[in-house]
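This is the structure I have questions about; it appears just below.
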Number of protein chains: 2
Amino acid sequence: MKSEGMSDASGVMTEEVPQAIGKRRQIRPRAERRQQLIDATIRCIAQHGLSKVTMQMVTSEAGLSVGIANLHFQSKDNLLKETLRFVAEEYHGGQIEIMEGSDIPDLGERLDALLDFQLGRGVTQRQKMSVWFAYYGEAGARPVYQKIVSTVDRLAAQKLETLFAEIIQQGGYTDVEARELATGYSALIDGLHLGLLVTPRELTKRRARAVARDFLRRAFPKHVGGVALRSTVFSQR
Amino acid sequence: MKSEGMSDASGVMTEEVPQAIGKRRQIRPRAERRQQLIDATIRCIAQHGLSKVTMQMVTSEAGLSVGIANLHFQSKDNLLKETLRFVAEEYHGGQIEIMEGSDIPDLGERLDALLDFQLGRGVTQRQKMSVWFAYYGEAGARPVYQKIVSTVDRLAAQKLETLFAEIIQQGGYTDVEARELATGYSALIDGLHLGLLVTPRELTKRRARAVARDFLRRAFPKHVGGVALRSTVFSQR
DNA sequence: ACCCAGAATGAATGAATATTCATTCTTTCG
DNA sequence: CGAAAGAATGAATATTCATTCATTCTGGGT
């Protein structure tokens, strides 16, 4: 980076000001740098799309030099793979924690918490969603991605089925089947995420929640309360 | 395809046999070539993933020379855009045709036909799904894609809502709201497609259908029949 | 038969990009 | 303090790929 060679006499701006004067090379442990790069990758994918992401883009987003991604991840492919793994584990881990949640004894409330987690959050959540679906798009062609996703997915699905089964037993519901419902609910949530991502104009987060809640209410009327979104309305017109 | 080129005579493979001996340059109208290239693009995306698709790949899949894609589509970006438009219009067009379907007077049967269209078909369907989601993955970063999808999407959503409203009226269902249900159903189908694409081991097409039917049955019990995996359902007398 | 508009080709070009690695810098530990 | 370990840098390299365009070929019109 040019280092100390002070800018030539001309007071005009030259092409590459060395990014602030205080910028010093920092040495940090491997794990930290890896996370930093993964975070940068997530932002890049969300902003530019998976197919447009370059190493330059990622490393400069992370505020580091080009070579560093290969230093810590060997290759771009591997960086992308690890990024997917991170997002997948974070999302599914969060769900599982809630579903196991001995801290929320009431099953109905636990459902609510799950829904909040799945459809809540702000910008960050939107970034994660982008990443999520970017990989889905490639998954048909890349078994590695399928494997990563389906591994964590299977566990979450199992937990959800168990939760539903408990609710069914507790409520004495008939004519519902835990496994089928769990598949349906998961698919519904995925589909709503898609809608939020692609047609944010048509589908607000608020409405997405209402729709998901509706699904649950129809299956478990005794556990899932009424409209609950404030005093929402009969103002459907 | 491949035209008549019979399998080679020479047992040895040389590097670049000019693609069969009988291959003659063929001149075809613009529209036909465009479709041929779009079809090839779909296959390439399904097989290699959107981010790995190259012009070489597409044109050779179509059995044509490299330059031709730029001749008919100006640029790779545009080819991809037109491919998305084609898939989107085909999918949504098919749905709309069924939903308007004056050829199926019974509303319950019309629902069945819709479900068949959405979750039926074979390999082709899987290819289309790949394309579909590949673009969804980029949509967060590319307004053009959002626009294409949401344009056709909005129309289909409206038709679905209308159909649901008719069914609600006919069945005298209370406690269901057409708009909300339509959003939910669309999301559910999208989510099931995702599942079929990414975790085909866990979710078979058969089960996906059952889950979707379950959703409809819970909303419209008089119109959607029991487990019957075949489509013929008698409902509402 | 012969012309020629325009369809098709594919070698060549240049831009973009992943990866390497010699060098520079920071920190730690004796 | 001095030196070793290894983290970080970024110029250089090799590759891949979209796009161009001079040239070749086809088929319908006359």
Side-chain angles (χ1 to χ4, degrees), chain A residues 1-5 15-38 40-41 44-45 48-83, chain B residues 1-5 14-38 40-41 44-45 48-83 138:
Chain A
M1 255 215 193
K2 257 76 211 285
S3 71
E4 80 287 85
E15 57 265 34
E16 298 272 329
V17 173
Q19 175 66 346
I21 323 118
K23 185 60 179 271
R24 259 181 88 227
R25 179 189 286 193
Q26 278 233 70
I27 289 184
R28 313 256 66 200
R30 184 180 173 79
E32 189 175 323
R33 284 281 185 251
R34 283 175 63 100
Q35 192 55 51
Q36 198 178 347
L37 287 165
I38 285 176
T41 305
C44 287
I45 292 175
H48 302 98
L50 181 55
S51 71
K52 287 280 191 302
V53 168
T54 70
M55 292 301 250
Q56 305 259 8
M57 198 186 279
V58 170
T59 51
S60 96
E61 169 75 29
L64 299 168
S65 63
V66 279
I68 202 164
N70 280 334
L71 180 67
H72 290 300
F73 287 97
Q74 290 75 253
S75 72
K76 184 184 180 185
D77 249 36
N78 193 45
L79 169 62
L80 294 177
K81 207 177 75 190
E82 292 301 318
T83 302
Chain B
M1 315 270 162
K2 251 71 221 278
S3 76
E4 77 284 275
T14 43
E15 56 262 36
E16 297 275 326
V17 173
Q19 178 63 335
I21 320 122
K23 186 59 178 273
R24 257 181 90 227
R25 179 188 286 193
Q26 278 232 74
I27 290 184
R28 314 257 63 201
R30 183 181 173 79
E32 188 175 324
R33 284 280 185 250
R34 282 175 63 99
Q35 192 55 50
Q36 197 177 347
L37 286 165
I38 286 176
T41 304
C44 286
I45 292 175
H48 302 99
L50 181 55
S51 72
K52 288 280 193 304
V53 168
T54 70
M55 292 301 250
Q56 306 258 8
M57 199 185 277
V58 169
T59 51
S60 97
E61 169 74 28
L64 299 168
S65 63
V66 281
I68 202 164
N70 279 59
L71 181 67
H72 289 301
F73 286 96
Q74 291 75 253
S75 71
K76 183 185 179 184
D77 249 36
N78 194 44
L79 169 61
L80 293 177
K81 207 177 74 191
E82 293 301 318
T83 302
E138 301 278 293

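The model shown is predicted, which means the values in this text are computed figures rather than measured ones.
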From the candidates dA18(C), dA7(C), dA18(D), the one with an atom nearest any side-chain atom of Met55(A) is dA18(C)
How long is the straight-line distance from CD1 of Ile68(B) back to CE of Met55(B), given to the nearest 0.5 Å?
11.0 Å
With a 4.0 Å cut-off on heavy atoms, is Val53(B) in touch with a base, just the backbone sugar-phosphate, or nothing at all?
sugar-phosphate
Atom pairs, protein N/O to nucleotides 3-5 of chain D N/O, distance under 3.5 Å:
none

Taken to the nearest whole Å, CD1/Ile68(B) to C1'/dA8(C) is 6 Å
Return the nearest nucleotide to the side chain of Thr54(B); candidates are dA18(D), dA18(C), dT9(D).
dA18(D)
Counting distance alone, no hydrogens or angles: does the base of dT24(D) have a donor or acceptor under 3.5 Å from a partner atom on the side chain of Arg25(B)?
yes
Check the distance between dC17(D)'s P and His48(B)'s NE2 and give it to me in whole angstrom.
11 Å
Quick check: on DNA chain D, is the nucleotide nearest Leu71(A) upstream (toward 5') of the one nearest Lys52(B), or the reverse? Name the residue that is more 5'.
Leu71(A)
Spacing of Lys76(B) atom NZ relative to dT19(D) atom P, expressed in whole Å
8 Å
State, to the nearest 10°, the angle formed by the axis through the first five base pairs of the helix from dA1(C)-dT30(D) to dG30(C)-dC1(D) and the axis through its last five.
10°
Assign Arg30(A) to base, sugar-phosphate, or nothing according to its heavy-atom contacts below 4.0 angstrom with the strands shown.
nothing
Quick one: is Arg24(B) getting a side-chain N or O under 4.0 Å of the dG27(D) phosphate, OP1 or OP2?
yes
5′-ward residue of the pair Gln26(A)/Gln56(A) relative to DNA chain D:
Gln26(A)
Would you say His72(A) reaches dA8(D)'s phosphate, i.e. side-chain N/O to OP1/OP2 under 4.0 Å?
yes
Report the nucleotide, chosen from dA8(C), dT19(D), dT19(C), that has the shortest atom-to-atom distance to any side-chain atom of Arg28(B).
dA8(C)
